[in-house]
Protein chains: 2
Amino acid sequence: MELIMVFKALSNQTRINILVWLKQPHLHFPADELKDYDPNLGVCVSDIKTKAGLSASTTSDYLSILQKCGLLEATRVGQWTYFKRNEGAIETLNKLIKKAF
Amino acid sequence: MELIMVFKALSNQTRINILVWLKQPHLHFPADELKDYDPNLGVCVSDIKTKAGLSASTTSDYLSILQKCGLLEATRVGQWTYFKRNEGAIETLNKLIKKAF
DNA sequence: CAAATATATCGATATTTACCGAAATTACGA
DNA sequence: TCGTAATTTCGGTAAATATCGATATATTTG
């Protein structure tokens, strides 16, 4: 995990929000608004797009940025891509930050 | 402390380095290369500039960015400005990150 | 297979950031 | 008070990031 990549990923309010929303999906994505949700897989791109109020392309970009630095994991199921937090990586990040700083 | 400001400040390798260097100044700024060092005040801009290999203006910019988001503290003594880590803020940051993510 | 849906990728433009050198500011010392 | 040193501020240019719409790629379904 590249600390600087993580910090770049997190220097955008929407990307911070996505990480927070995905901590408790049921809280931030009301069930009746969710097109698709599987606790094991996470939330699909469209639902995050709607919540963030961004275009599909930007949303896809953001999720990809968060994934590439390790904070999110993606699972493709049919036409959907579900994203969820990589809790292990987030814990590692906390330790890294505590150690480095 | 604005989390996003901190992340922006840290999305630059040199600024990350500065924070790490200032954790143990004696280790990263050999005594015989230090123009000025006071454990209570920190390290002066010129010494950080030399270590970072950047221009004076960029170094000043970077230090100011780190200071504005709360990670560093500055003390002006005569013609020198000494910078040191704000350990309290860094601890707060760790807690904030742990809580938010 | 054709149409529809979800997502990803590809330019394109606007904004932000990275850095620099020059100039301004402040402090010191002869 | 003049010259020198340390730092900051001020433009300026180059590179990176933000964000979009259009297009491309899968996948599902009629």
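Any value given below was found using the heavy atoms of this structure, including those in side chains, with hydrogens, waters and symmetry copies removed. First the proteins, then the strands, lettered A, B, ... as listed; each starts at 1. Quick caveat: nothing in here was measured; it's all calculated off a predicted structure.
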**Student:** Should Ser46(B) be listed as having a side-chain N or O under 4.0 Å from OP1 or OP2 of dA5(D)?
**Tutor:** no
**Student:** In this structure, how many angstroms lie between the C1' atom of dA18(C) and the NZ atom of Lys8(B), rounded?
**Tutor:** 14 Å
**Student:** When you get a sec, tell me which of dC19(C), dA6(D), dT7(C) is the closest nucleotide to the side chain of Arg76(A)?
**Tutor:** dT7(C)
**Student:** Starting at CD of Gln67(B) and ending at P of dT7(D), how long is that distance when rounded to a whole Å?
**Tutor:** 14 Å
**Student:** For the residue pair Trp21(B) and Phe29(B), does the interplanar ring angle fall in the parallel (under 30°), tilted (30 to 60°) or perpendicular (over 60°) class?
**Tutor:** perpendicular
**Student:** Is the shortest side-chain N/O distance from Asn12(B) to OP1 or OP2 of dA18(C) below 4.0 Å?
**Tutor:** yes
**Student:** If you go through the side-chain atoms of Gln79(A), does one of them form a donor-acceptor pair with the base of dT5(C) closer than 3.5 Å?
**Tutor:** yes
**Student:** Got a sec, which residues hit side chain to side chain donor-acceptor pair (under 3.5 Å) with Asn17(B), two or more places apart in sequence or on another chain?
**Tutor:**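 Residues passing side chain to side chain donor-acceptor pair (under 3.5 Å) with Asn17(B): Gln13(B).
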**Student:** Take Arg85(B) and Leu72(B) through the test side chain to side chain contact (heavy atoms under 4.5 Å, CB included) and record every step on the way to the result.
**Tutor:** CA-CA 4 Å; Arg85(B) 290 156 54 101; Leu72(B) 295 185; 4.2 Å; yes
**Student:** Between P on dT27(D) and CH2 on Trp80(A), what's the gap in Å once rounded to a whole number?
**Tutor:**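 The distance from CH2 of Trp80(A) to P of dT27(D) comes to 12 Å, rounded to the nearest Å.
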**Student:** Quick one: Leu66(B) CG to dA18(C) P, roughly how many Å, whole number?
**Tutor:**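 From Leu66(B) CG to dA18(C) P: 11 Å.
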**Student:** Please list residues of residues 53-65 of chain B whose heavy atoms come under 4.0 Å from any atom in DNA chain C, ordered by number; otherwise none.
**Tutor:**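 Under 4.0 Å from DNA chain C: Leu54(B), Ser55(B), Ser57(B), Thr58(B), Tyr62(B).
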**Student:** Rounded off to whole Å, could you give me the NZ-to-P distance for the Lys49(A) and dT9(C) pair?
**Tutor:** 18 Å
**Student:** Suppose we screen for salt bridge (Lys or Arg N to Asp or Glu O under 4.0 Å). Which residues come up paired with Glu2(A), at least two apart in sequence or across chains?
**Tutor:**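 Checked Glu2(A) against salt bridge (Lys or Arg N to Asp or Glu O under 4.0 Å); zero matches.
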**Student:** What is the separation between atom CD1 on Ile4(A) and atom P on dT17(C), rounded to the nearest whole Å?
**Tutor:**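 Interatomic distance, CD1 of Ile4(A) to P of dT17(C): 14 Å.
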**Student:** With a sphere of 6.0 Å drawn around CD of Glu87(B), does it hold more than 12 non-hydrogen atoms of other residues, nucleotides or ligands?
**Tutor:**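 Enclosed.
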**Student:** Does atom NZ of Lys23(A) have more than 12 heavy-atom neighbours, drawn from other residues, nucleotides or ligands, at distances under 6.0 Å?
**Tutor:**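 Yes.
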**Student:** Tell me: CG of Leu10(B) to C1' of dA18(C), nearest whole Å?
**Tutor:**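 Roughly 16 Å, once rounded to whole Å.
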**Student:** Roughly, in whole Å, what's the span from CG in Leu72(B) to P in dT7(D)?
**Tutor:** 14 Å
**Student:** Check the side chains of Thr58(A) and Ser55(A) for a donor-acceptor pair under 3.5 angstrom, ignoring hydrogens and angles.
**Tutor:** yes
